[in-house]
Amino acid sequence: MERVLVCCAWPYANGPIHVGHVTGSLLPADIFARFNRLVGKDVMMVSGSDMHGAPITVSAHKEGVSPEEIADRYHRINSKAIEDLGISFSLYTHTHTRDHEEVAKEIFLKLMENGHLSRKSTPQYYCTRCSRFLPDRYVEGSCPHCDNEHARGDQCDSCGMDLNAEELSDARCQLCGSTPELRETEHFFLRLSDFTDELTRYVERCDHWRTHVRSFTLNVLRDGLIDRPITRDISWGVPVPVEGFESKRMYVWFEAVMGYLSATKEWAAARSAPDDWERFWKDGSVKSYYFLGKDNIVFHTVIWPAMLLGVGGLNLPHNVVANQFMNFGGQKFSKSMGVSIDIPDILTKFSADVVRYYLTANMPEFKDSEFTWKDFAQRINSELVATFGNFVHRAMSFTFKNYGAIPHKGELDERDKAMLARVDEAGRDVLRSLGACEFREAMKSLMDLAQSGNQYFDAVAPWSLVRTDKERCGTVLHVSLEICKALAVLSYPFMPSSAERMWRGLCMEGSIEENGTNGMEMPLKEGSTMEKPAPLFAKVETGESEAFSKHSALDLKVGKVTDVQAHPNADKLYLMDVDVGKPMRIVSGLKDYYTADELREKVLIIVTNLEPAKLRGVMSEGMLLAAEEGGALALLTPEKPLPAGTQISSGLDVGGGRLSFNEFQKLEIRAGTLVQADPPKLDVGGRTVSCTVTSGEVGRRYAAYVRGSSALVMYGPDDTKVVFDRDIAAGARIR
RNA sequence: AGCGGGGUGGGGUAGCUUGGAAAUCCCAUCAGGCUCAUAACCUGAAGAUCGUUGGUUCAAAUCCAACCCCCGCUACCA
C-alpha cells in the first residue's frame, strides 16, 4: 500500500489555537490526510504542541507558575480543540516527552559526529543576582541611537532600531533591576553552510512546490546560509547531551521540527512495533507533506532538510505546503492585540463542519485572506446551506415523502446520462485538486456539483412527474440520490461528520471512511427504507456571529478639521468640514466648549459609518468622538499626529455596514486610566477592568471600548493610541 | 531597509509561465420563473478602460521599467 506522511506545524503551547492555525495548517493537513485515506493510502499524520522556548517562560514568569504548567495547560486545551474540530491525527503529542528528548539528543549527537556542529564562545550578559544568563530581550538599558532609557536588548521600542544587548549603555536586568556582567558563554552552531549546494539542488528539483515557497527558499539559499546557534542559556527546553552544557538547552526552532520524527517513533512504540516509524521515514517511495504558514517556510525548506541531510538516511520533504495568512479586519491574528478567534470559543457556537467549510472556502492558499463575521454568515448561508445542504435535503426529503425508500432506477434518458457523467467529472476534478493540495479549488468543484444537482432537479421537476409518471419520477430521484452519494463521498475530507450522516441517510452500508472512493461506484440499495431526513446544516443567524463583533462595528478614522462655521439655525451647533481621507460634513454640538478657531486644523477621531442624519436642517454625515463628564468635555485625538483618513481600530472587525445612532449608543466607550501594564488593567471610573493595549504608559488616560469586564484600547498604526485634548476624568462616557 | 507574495466589477476570485476578438466563477444587486426544499432553487440582466505611470508590440490584465499600497520573513503568531 502506498504510504504518505502528513506533517502539520506544531502549535505553540502559549495560548489557545485560533482560526489562523486551523486554516493555515491543521485543516489543510487534515483534508489532505483524509483524502489520501479515501483513495486507499496508508497515512501517518502527526503533530503536537511545541512546549519549549522563551515565550512560555515569559508567560510563566508573569503568572508566577512553572513553564511546564503553562505548556501543559494549553496542550490540554488545544488537544481538545483539535479533536473537537475533527482533525484526524495518527498522534497529536507534544515536545516535552521522553521520546522527543531522546530523538533530539540522538539527532544532536549524530550531527556532531558527522561534523555539522561547531562550538563558539560569545559574550552575553549574566545576572549575578538571578544567577542566569539573560536573553537580549531581558536586558534593559539606554539606547545608543536615541535618548530612550528603557530600550530592550534586542530592540529599542522608541526608535525602532535593532540592537545587540552589548550596545546598551547602563545595562540592567529586566527581572531584578541589578546590573548584569558580560560573560563568555559557549554555544553550538549548526553548520548550515555545509548544505547550501545540496539543498539548492534539492529545491530546484521540487518544481511541484507552490511558487512562493520555492522562489522564497531559492532566494534564501542564493544569499548563502549562515551558521546558526542551536543552544542557549535557559533552563526550559531539551537538555544538551554534552558535558559542560548542563545549564543550557537546545534552541526551540532546532528541536521542535524534530517532533515530526519523534512523534512517529512515539506512535510506533505505542503500537508495540518500535521499528514501524522507519516505514514512513526511510522508504524513499514515501512522500511527506508539511503544512504550515508562511512565517515558517525556511524552517521546513532549509533548516529541517539540512538536519535530515546531516543525519542521513531520512526522507526529505516531498512538498512543503505553506499557506499565507488569514487576517481579521485587516489585522493579522495576534493574541497580544486581542485580535483572534479561538477555536474553543468558536466551537461553542458552530459545528466543526461549518467552521471547516468556511475556513476551507476562504483558505489563504496563495495570498492572504480575510476573516469577517459578515462573510462567514454569508458564505455559510448562501453556499453551504442554500446550495449544498438544500440540494441534499430537497432530494432526500422529497424521496422520503413520496416513496419512503430508495426508488428503482428505470431507463435513463440523455439528460440523466449527462448528469451522471457530470458526477464522474466532478469526482475527478475534486480528487485531482485535492491531490495537488488545492483545497479551495476542490471545494469549488464540490459546490459546482451541488449546483448541477439543483439544476438537474429543477429541470426534471419530480414534483410534477410524481403525479404523471411515478416510475419515471423514481428514476430521476434515484439519479438525484446518486448525486447526493457522490457529494457525501467527495465532501468527506472537508466535512467528515456531515458526510457520514449523508451516507447513512442514503441507506449505504458501512461508512465512507471504510469504503473510500469506492463508495462512489457502490450502487444505491433500491427498496431500502429511509429514515426521515433532517437538514444537514442550519443557517447562521446574524445575531450569532454579531455576538462576537457587535462592539466593534464602528468604523473610526482620523479626521482633520478643515473649516468650522456656526450653524445658521441653531445655538449650540457647528457645521464642520472634516477631511477623513475624503471630505465629510459633520454637525456637532461643541459651541459651548470650543471656539471655531480652536477647532480649525484640529485632528479628531471620527465615526465614519453612521447613518447620516439631519440636525436642524443640515445633513451630518458622521460624528466626532468626545468624552463628557460633569459638564467637562474633551475631544479624542491620536497621541501622535496621524494623516487624515487613517484607520483607528479597536482591534477587531471594522464592520463596513452602516450603524444607526441607536446602535451606536449601545456601545460603551469610555476614558480609562491605565493603572498597571502587566497584565494591563484599566480604571474606567469606579471599576477596573482588564484590557488589551499595545504599549501603554501607566497613569495615562486612553479611549477604550468597554465590554463586560474587559476593554480594548483604541489604536491606530504604530501603536498610536487615542487620547484626549483636555484633561477628563476616568470613566467619562464617550459619544 | 533588504527579500518574497499580492493589488482584476460592491466583496471575494480565475486568467496571467506559452501576449490576441474589452475578461472566469461565487456572493451581494435588479428582473423573470418554479413551488419539492432551510423565503431555499433555476434562468436572465446590469456592473471592471484588470494598483499608478511610462515602454515593447499590429495587439498587454498577460512581457519590460519605475513608482504607490497591503501582507509576511529578516525580528519566537498558521
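All chains are named by letter (A, B, ...) in the order of the sequence lines, taking the proteins before the strands, and each is independently numbered beginning at 1. These values consider heavy atoms only, across backbone and side chains, with no hydrogens, waters or symmetry-generated copies. Small disclaimer: the values here were computed from a predicted structure and weren't measured.
Remark: C1' of B:rA78 and CH2 of A:W10 are 16 Å apart, rounded to the nearest angstrom. The interatomic distance linking A:N402 (CG) with B:rA37 (C1') rounds to 12 Å, in whole Å. A:E441 places its CD atom 11 Å from the C1' atom of B:rU24, with the value rounded to the nearest Å. Atom CG of A:N390 is separated from atom P of B:rC27 by 13 Å (rounded to the nearest Å). Atom CG in A:L465 sits about 13 Å away from atom P in B:rC36, given to the nearest Å.
Counting only heavy atoms from C-beta on, A:K539 has its side chain closest to B:rU38 among B:rA78, B:rC25, B:rU38. Set against B:rU38, B:rA40, B:rC27, the side chain of A:A386 has B:rA40 as its closest nucleotide.
Spacing of P atoms, B:rU29 relative to B:rU74, comes out at 43 Å, to the nearest Å. Nucleotides B:rC58 and B:rC63 are separated by 16 Å at their C1' atoms, to the nearest Å. The separation of B:rG44 from B:rC26, taken at their P atoms, amounts to 10 Å, rounded to a whole angstrom. Comparing the C1' positions of B:rG11 and B:rA28 gives a spacing of 8 Å, expressed to the nearest Å. Rounded to whole Å, the C1' atom of B:rU24 lies 13 Å from the corresponding atom of B:rC50.
By the ring pair (Phe, Tyr, Trp, His ring centres under 6.0 Å) test, A:H75 pairs with A:Y92, A:H94, sequence neighbours left out.
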What N/O pairs connect the protein and nucleotides 42-47 of chain B at under 3.5 Å? Give each pair on its own line.
unit_1, atom_1, unit_2, atom_2, d
B:rC42, O4', A:D458, OD2, 3.0
B:rU43, OP1, A:Q455, NE2, 2.7

Please produce a list of atom pairs where a protein N or O lies less than 3.5 Å from an N or O of nucleotides 1-9 of chain B.
unit_1, atom_1, unit_2, atom_2, d
B:rC3, O3', A:N219, ND2, 3.3
B:rC3, O2', A:N219, ND2, 2.1

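Across every strand in view, B:rA23 sits unpaired, with no contact that passes the Watson-Crick or G-U test at under 3.5 angstrom. Across every strand in view, B:rA45 sits in a pair with B:rU29 that passes the Watson-Crick or G-U test at under 3.5 angstrom. Across all strands shown, B:rA65 forms a Watson-Crick or G-U wobble pair with B:rU53, both key distances being under 3.5 Å. Base pairing analysis places B:rG2 opposite B:rC73; the two distances defining the Watson-Crick or G-U wobble pair are each below 3.5 Å.
Both A:D448 and A:A395 lie close to RNA chain B; mapped to their nearest nucleotides by heavy-atom distance, the more 5′-ward contact belongs to A:D448. Comparing A:I56 and A:D375, the nucleotide of RNA chain B nearest to each residue sits closer to the 5' end for A:D375.
The closest side-chain donor-acceptor pair between A:H300 and A:Y260 falls under 3.5 angstrom.
Using a 4.5 Å cut-off on side-chain heavy atoms (C-beta onward), A:T399 and A:I406 make no contact. Using a 4.5 Å heavy-atom cutoff, the side chains of A:F366 and A:Q324 are not in contact.
Checked by atom type and distance alone, the side chain of A:R232 never pairs as donor or acceptor with a backbone atom of A:R249 at under 3.5 Å. In terms of modelled atom types and a separation under 3.5 Å, the side chain of A:R210 and the main chain of A:A322 share a donor-acceptor contact.
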* For side-chain hydrogen bond (donor to acceptor under 3.5 Å, both in side chains), just list the numbers for A:D30 and A:S88, CA-CA rounded to whole Å, side-chain angles, deciding distance to a tenth of an Å, and then say yes or no. => CA-CA 6 Å; A:D30 186 58; A:S88 55; 2.6 Å; yes
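Ring orientation note: the planes of A:F439 and A:F291 are tilted relative to one another, at an angle of 30° to 60°.
Between A:W236 and A:H61, the ring center distance fails the sub-6.0 Å criterion. Here the two rings, on A:F398 and A:Y403, have centers that are 6.0 Å apart or farther.
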